[in-house]
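Worksheet: one structure, shown below.
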Amino acid sequence: MEWTCSLGFPSRTLRFSRKLHPTTTDRNTAESRSLKKKQCPPRLLPPPPPRRSHLTMAAPSRTSWADVADAEPAPPAPVPAAAPATSNGPARADRSSYVPPHLRNRSSNAPPVSSAPPPRAAPGLLGRPTGGVGGRFGGGGAPPRRWDREPNPFGDEEEVPAEPVPFDEHQNTGINFEAYEDIPVETSGREVPPAVGTFAEIDLGAALNDNIRRCKYVRPTPVQRHAIPISLAGRDLMACAQTGSGKTAAFCFPIISGIMRGPPMQRSQRGGSRTACPLALILSPTRELSMQIHEEARKFSYQTGVRVVVAYGGAPITQQLRDLERGVDILVATPGRLVDLLERARVSLQSIRYLALDEADRMLDMGFEPQVRRIVEQMDMPPRGVRQTLLFSATFPGEIQRMASDFLENYIFLAVGRVGSSTELIAQRVEFVQEADKRSHLMDLLHAQRDSSEQGKQALTLVFVETKRGADSLENWLCTNGFPATSIHGDRNQQEREYALRSFKSGQTPILVATDVAARGLDIPHVAHVVNFDLPNDIDDYVHRIGRTGRAGKSGIATAFFNDNNSSMAKSLADLMQESNQEVPAWLTRYAARPSYGGGGGRNRRGAGGGSRFGGRDFRRESSSFGKGGGASDYAGGSSYGGGGYGGAGAPSAWD
DNA sequence: AAAAAAT
């Protein structure tokens with residue numbers, strides 16, 4: 001047993017029960033004392049500089065970071081990988097004294113922190129946008145040799161897939177940028193930094209710009225255009241955005257950029273201590289989503305020296321511990337495993353400068369809220385206002401916004417509409433199917449799908465069911481009847497889950513039966529058809545599910561099986577389809593009109609928030625405390641949400 | 001009522 005346990009914890013059982021009922025007094029328990037005790041070594045420099053003000057951002061330096069790096073002679077003299085501690089030299093007041101995060105531990109094989117202080121940055125470097133990281137990051141020339149060993153996450157020169165892959169898995173950048181032109185955008189909050197139009201206007205640095213090019217991102221999506229300047233200005237952010245449109249990049253770019261230009265003394269992990277101290281934490285609700293974010297973040301941080309590590313449950317913890325020991329700047333995690341790591345004192349949050357919650361409304365709903373609150377408020381994470389907090393989600397009900405505002409300080413609210421201004425890209429169908437007929441009905445759909453497919457490229461079909469048992473049962477039935485199906489749900493082990501997802505993505509098993517574990521965030525290219533075999537009880541879940549298709553400007557089909565068990569969904573489903581310019585079957589309209597189902601909408605709380613199901617409005621606007629507050633509204637491309645309730649504006653749905 | 005998330 002870990003020493004912290006025997007020292008600080010009476011028993012595992014007690015710890016578990018306390019987790020379920022966290023109290024503010026946890027701060028002073030033996031547990032948290034032991035956490036404090038096992039902390040990262042003291043900083044050699046004061047805490048991070050105050051975040052740059054909006055004013056700084058409003059008038060950005062015209063000199064780009066890359067330009068400066070270019071202008072310098074920049075001798076990227078290849079340094080031996082195992083450079084001795086002294087090779088970095090004492091602190092000098094020039095840019096080349098910067099030590100990229102991933103190299104900061106290289107020298108610490110031998111010297112304890114006390115005997116050999118690592119190089120410090122020149123004070124003038126801190127927070128200077130043009131200070132950059134000097135010649136080492138190059139001005140667009142060949143990357144320094146010492147990074148050549150970093151595996152290329154873009155898969156350019158390596159990793160021939162073991163099996164034939166029908167679809168190019170790396171071709172995940174087929175975003176239809178044209179479709180983003182007239183998307184409605186709304187921002188509110190004090191002194192909102194102006195949006196940018198191109199990546200060139202954003203001072204992200206040469207290395208990051210290279211990766212943006214490798215990703216084939218031509219220009220920023222609306223989410224990126226707005227969120228990146230806001231984040232670079234140091235502001236907290238609550239953003240509603242569509243996943244397929246580059247949401248991950250919208251919070252990763254500023255984080256990576258901020259870490260690269262930040263004070264270099266913040267070591268991810270120092271010799272002698274086994275406690276990793278990441279500078280950024282990204283939380284997500286499912287393991288697969290964490291994996292996906294990690295993969296994306298690794299691409300963005302390729303050859304930047306910024307280390308990204310992922311930690312989630314269901315997988316052996318040993319590899320994750322090894323990864324953490326090698327140093328971590330950005331930690332992507334699911335809550336449970338992170339709590340485990342914190343209890344083992346293998347991770348400390350004391351150096352966190354950036355906190356990002358993906359699918360933030362899910363992270364703050366009943367199931368996750370206690371854990372997340374514990375991580376954010378009852379561990380050693382710097383308080384709001386000191387760290388920078390970025391919340392991203394598609395749906396942000398007023399009450400969740402209110403809860404989320406506990407984590408934020410003077411934040412900006414950003415809402416970005418979807419591609420094509422409605423779900424017209426997703427053809428939604430609803431069919432009345434009795435429970436007993438569902439399987440044969442599904443078979444008809446799959447047959448039709450198979451017949452219409454071309455070149456042996458079976459289109460991917462994602463089938464959502466309500467229960468884990470139902471998923472197993474349906475998968476089994478499909479396989480028995482000759483359909484290549486697999487399944488993903490929480491009762492399958494992690495290996496099975498990951499294999500199922502890979503097999504589906506590659507087209508090897510073009511039918512995936514899933515519970516809601518796959519409803520959010522997962523970016524699976526080429527999903528042509530989403531079948532709601534069992535409708536969810538919450539219209540928001542429906543929106544997330546059908547959003548697995550019709551992504552990034554491509555079209556898709558969503559079919560729902562409706563019967564008497566779904567009566568509570570009739571009204572909200574009919575409304576949603578109407579708002580999305582879909583043809584609503586007459587029987588559904590009649591169904592929805594029945595008084596007993598009128599209020600419907602699953603457990604949708606449409607009450608206080610003014611019926612804003614998608615949280616497209618800043619909840620602060622509903623209260624007096626917000627005042628005039630600048631109220632900076634910005635409607636890109638002339639579209640707008642319309643005057644009335646957001647729900648009626650024709651822009652909802654399929655927000656991830 | 002179900003799903004997810006720690007061992």
Side-chain angles (χ1 to χ4, degrees), chain A residues 1-2 4-5 9 11-20 22 31 281-293 310-321 324 331-347 357-376 379 393 435 463-474 487-494 496-498 500-501 513-522 532-542 544-545 548 565-569 602-604:
Chain A
M1 188 184 267
E2 196 81 17
T4 49
C5 294
F9 308 131
S11 74
R12 295 193 80 84
T13 318
L14 183 55
R15 279 156 59 199
F16 183 72
S17 65
R18 200 167 58 218
K19 182 196 73 181
L20 293 178
E31 173 179 334
L281 174 65
I282 301 172
L283 290 177
S284 96
T286 66
R287 298 163 182 173
E288 286 75 17
L289 186 51
S290 280
M291 294 172 58
Q292 179 181 302
I293 295 167
V310 67
Y312 52 83
I317 202 168
T318 48
Q319 183 57 48
Q320 293 171 9
L321 290 174
L324 289 168
L331 177 59
V332 185
T334 49
R337 178 55 62 92
L338 176 60
V339 168
D340 190 7
L341 292 166
L342 290 165
E343 286 177 347
R344 295 169 186 237
R346 298 301 293 266
V347 169
L357 301 190
D358 202 3
E359 306 294 344
D361 62 334
R362 173 66 94 213
M363 302 303 286
L364 291 171
D365 79 5
M366 277 206 321
F368 276 115
E369 193 247 357
Q371 265 182 313
V372 171
R373 200 171 276 280
R374 184 171 175 216
I375 291 167
V376 175
M379 296 295 185
S393 184
E435 289 295 332
V463 183
F464 281 105
V465 296
E466 199 55 20
T467 66
K468 295 180 277 198
R469 262 192 67 207
D472 280 337
S473 162
L474 183 58
S487 71
I488 184 168
H489 60 72
D491 274 354
R492 302 200 76 188
N493 70 40
Q494 195 54 27
E496 293 170 326
R497 285 167 58 159
E498 288 171 24
L501 197 53
V513 184
T515 60
D516 270 331
V517 70
R520 279 179 175 252
L522 294 187
N532 274 291
F533 190 87
D534 300 320
L535 270 167
N537 294 315
D538 185 332
I539 191 67
D540 286 347
D541 290 338
Y542 173 84
H544 284 283
R545 287 178 177 188
R548 296 314 99 206
N565 297 332
N566 312 115
S567 55
S568 67
M569 287 283 290
R603 44 166 196 197
N604 240 347

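Protein chains get the first letters and strands the later ones, always in sequence-line order, with residue 1 at the start of each. Below, each value reflects all heavy atoms present in this structure, side chains not excepted, and no hydrogens, waters or symmetry copies.
Distance A:E466 CD to B:dA4 P: 10 Å, rounded to the nearest Å. As rounded to whole Å, 14 Å separates atom C1' of B:dA5 from atom CD1 of A:I317. Rounded to whole Å, atom C1' of B:dA3 lies 6 Å from atom CG of A:D516. Atom CG in A:D491 sits roughly 10 Å away from atom C1' in B:dA3 (whole-Å rounding). In this structure, CG of A:L535 is placed 14 Å from C1' of B:dA2, rounded to the nearest angstrom. As rounded to whole Å, 15 Å separates atom C1' of B:dA2 from atom CG of A:D472. Spacing between atom CG of A:L283 and atom P of B:dA6 amounts to 10 Å, rounded to whole angstrom units. In this structure, A:R346 places its CZ atom 16 Å from C1' of B:dA6, rounding to the nearest Å.
OP1 or OP2 of B:dA5 has at least one side-chain nitrogen or oxygen of A:R497 nearer than 4.0 Å. Residue A:T467 places none of its side-chain N or O atoms closer than 4.0 Å to OP1 or OP2 of B:dA1. The side chain of A:T286 contributes no N or O atom lying less than 4.0 Å from OP1 or OP2 of B:dA5. Not one side-chain nitrogen or oxygen of A:R287 sits closer than 4.0 Å to the OP1 or OP2 atom of B:dA4.
A:R287 places a side-chain N or O within 3.5 Å of a backbone atom of A:G313 that can act as its donor or acceptor partner. Checked by atom type and distance alone, the side chain of A:Q292 pairs as donor or acceptor with a backbone atom of A:G521 at under 3.5 Å. Side-chain N or O atoms of A:R548 include one that pairs as donor or acceptor with a backbone N or O of A:A519 at under 3.5 Å. Between the side chain of A:E496 and the main chain of A:N493, a donor-acceptor pair closer than 3.5 Å is present. Looking at A:T515, its side chain never comes within 3.5 Å of a backbone N or O of A:K468 through a donor-acceptor pair.
Across all strands, A:G490 comes closer than 4.0 Å only to sugar-phosphate atoms, never to a base (heavy-atom distances).
Across B:dA6, B:dA1, B:dA3, the shortest atom-to-atom separation from the side chain of A:N537 is found for B:dA1.
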